[in-house]
Amino acid sequence: MSQTTVTEEPPRPRPSVRPTTLRRPRLPGWSRGALLLGSAAIGTATGLVAGLESRVQWGLIAALVFVVGGFALTSAVEGRRQAVDRLAASLVWTSFLVAVLPLASLLWETIARGIPGVSWYFLTHSMNGVLSWQDGGGIYHALLGTVQQVLLASVIAIPLGLLTAVYLVEYGSGRLARAITFFVDVMTGIPSIVAGLFILSMWIMMMGFGYSGFAGALALSILMMPIVVRSTEEMLKLVPNELREASLALGVPKWRTILKVVLPTAIGGITTGIMLALARIAGETAPIILLVFGNNMINGNPFEGAQSSLPLFVYEQWAFGTESAYDRAWAAALVLIAFVMILNLAARAVARWKAPKSGR
Amino acid sequence: MAKRIDVTGLTAYYGTHKAIDDISMHVEPMSVTAFIGPSGCGKSTFLRTLNRMHEVTPGGRVEGKVLLDDEDLYGPGVDPVSVRRTVGMVFQRPNPFPTMSIYDNVAAGLRLNGSYRKSELDDIVEKNLRGANLWNEVKDRLNKPGSGLSGGQQQRLCIARATAVEPEVLLMDEPCSALDPISTLAIEDLIGQLKSTFTIVIVTHNMQQAARVSDRTAFFNLAAVGQPGKLIEIGDTDRIFSNPTVRATEDYISGRFG
Ligand SMILES: Nc1ncnc2c1ncn2[C@@H]1O[C@H](COP(=O)(O)OP(=O)(O)O)[C@@H](O)[C@H]1O
Ligand SMILES: [Mg+2]
């Protein structure tokens, strides 16, 4: 009896699993643009009506309307899966915008306000004898200080960091390696002012050296090293073991294998890590105030006497609060950004030029 | 001159795990010896003990003797780097150096070990690429990266790289397992030519390949998963394939297990 029922009444097909047609209703192509315009309009209107001061709030309302409206519209016309897809996509895009807008606005602001102040004179003269309310003066002394301090810090931190990373990945195992990893992690979290205080107490107070660019570079290298170690370590771990074995099997000693095969393979990523570290220390102010002190005159010797640096210069000029000082602060900030940018591009160029063939 | 290998009582460990147990055999100079056996029976491990690559693996440890002519590879004062220059190796997956051009890949072993004049290197690179039957395919693009070649070409490039340092023994760990039949044939031909210069040991999962290229064949097996691998028998390839003395060898060759 039950058997006949089954054959006579076949189980109902489940429509959600296999659709009857491959076509699906779709929103027209212009709908997205229309939605964008519409939500922008709603954002503006709400802002005007409610009397919201900040354009950021208008933008956030528009973004919210765009995300929610897109979801509702798609789910009404195209179905649930497409709606979720649309929701995720618009969330990603909105987050991207929210992240990039401040950056773009920061760059724009710095360029717009900084460009008028940047000139050959500005780059080649110091602040010697220029009073805070006077126009003129320049950042040569600060630029020189930044270049020297960053260079010295790199000379200390990059070799140490690279060697530490090579040890951890290629040689280290067991307790020593674990301890080093732990201390590198701790170092990553050291606030710059603490690094500055540490060098202040060690180098200046206990060992009795005076203020100098080098003292600042010591603190900067403390900040730089863990970043170099960490990023290099990750890059070295990405180098396939097969390459190391291929080299060892040719009878190449381990150290040459590391130098000629492992490091060149990872050089691109290592460079990026070093550049990030450089960018970080080039903008440090706290240890510079403590250890380099600041100076309006040109001091070309980083090992003796107070120097200046770009971030410190920006800070000082801002603190003066006069019109001319503000202009100088913006111009110096622009130069600082350009400096980091140029370093970055140069390093990338070197890495690209080195990486593909590396004949010797 | 190619050398003879004499192994006595060789046992290899990964940490505390014994991977192969008490293996003794000899390998004739200027001949091809094939290792066959089911996966995990320690063929690669044994092969890697023959040029001291086993100890590169963390925890890798070896007991026993490997005589190359009459020098013990594991004797006191032996430098593993010199061992590896004498006993070269080709791996299962082609692994050209990605940062180097085709030319630099072949020259790598020499360059990384000393200084050579440009003209000298040119000659060596050409000779070894010809030796690997690759010269005609790459002579117009020696400065292009080696990773741009096909899998079979890459493997022949790796063979040229290994032969360029003029080893006496060449170890090959399943060199054709990632290749198509045509490239496999090219490499088998190459092995036939190379044995006039080198002592060759090749691991393969392909019975026909073992039968085609080798003079002697060694069969490895393990009693059970987790047990160390052992050498079951070794002999002339013709004899092993037509008239094995051990039942397990016959079963394996005829495809009844493994
Ligand atoms: N790197 C390693 N670490 C630990 N054990 C390993 C490692 N490589 C191989 N083994 C073990 O050693 C045994 C032999 O492996 P292998 O020599 O690769 O066998 P085959 O090449 O014959 O397939 C296996 O039991 C395997 O699990
Ligand atoms: Mg294997």
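Numbered from 1 within each chain, the chains take letters A, B, ... in sequence-line order.
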Looking at A:Glu242, is its backbone amide N or carbonyl O close enough to the side chain of B:Asn95 to form a donor-acceptor pair, meaning the two atoms are under 3.5 Å apart?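 Between the backbone of A:Glu242 and the side chain of B:Asn95 there is a qualifying donor-acceptor contact (under 3.5 Å).
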
Atom [atom1] of [X]: over 12 foreign heavy atoms under 6.0 Å:
{"X": "B:Tyr13", "atom1": "OH", "answer": "yes"}
{"X": "A:Phe303", "atom1": "CZ", "answer": "yes"}
{"X": "B:Arg141", "atom1": "CZ", "answer": "yes"}
{"X": "B:Glu71", "atom1": "CD", "answer": "no"}
{"X": "A:Arg256", "atom1": "CZ", "answer": "yes"}
{"X": "B:Lys65", "atom1": "NZ", "answer": "no"}

For [X] versus [Y], what's the shortest heavy-atom pair and its separation?
{"X": "A:Thr265", "Y": "B:Pro98", "result": "CG2-CG, 4.0 Å"}
{"X": "A:Ala249", "Y": "B:Met89", "result": "CB-CB, 3.9 Å"}
{"X": "A:Leu248", "Y": "B:Arg84", "result": "O-CD, 3.1 Å"}
{"X": "B:Phe97", "Y": "A:Ala246", "result": "CE2-CB, 4.0 Å"}

Given a strict heavy-atom distance threshold of 4.5 Å, which part of A:Thr257 is in contact with chain B: side chain, backbone, both, or neither?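 Neither part.
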
Look at B:Thr86, B:Val56, B:Leu112 and state which one has the largest set of heavy-atom pairs under 4.5 Å with chain A.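 Ranked by heavy-atom pairs under 4.5 Å with chain A, first place is B:Leu112.
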
Could you walk me through whether A:Val252 and B:Asn113 pass side-chain contact (heavy atoms from CB on, under 4.5 Å), step by step? CA-CA 6 Å; A:Val252 179; B:Asn113 277 312; 4.0 Å; yes

Give a yes or no on whether a salt bridge exists between A:Glu245 and B:Arg48, defined as a side-chain N under 4.0 angstrom from a carboxylate O.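 Answer for the salt bridge query: yes.
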
B:Val87, part contacting chain A, at a heavy-atom distance under 4.5 Å: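 Only the backbone of B:Val87 comes within 4.5 Å of chain A.
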
Given side chains that start at C-beta, do those of B:Pro96 and A:Leu243 come closer than 4.5 Å, heavy atoms only?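 They are not in side-chain contact.
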
A:Leu250 and B:Arg85, any side-chain heavy atoms less than 4.5 Å apart: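 B:Arg85 does not reach A:Leu250 side chain to side chain.
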
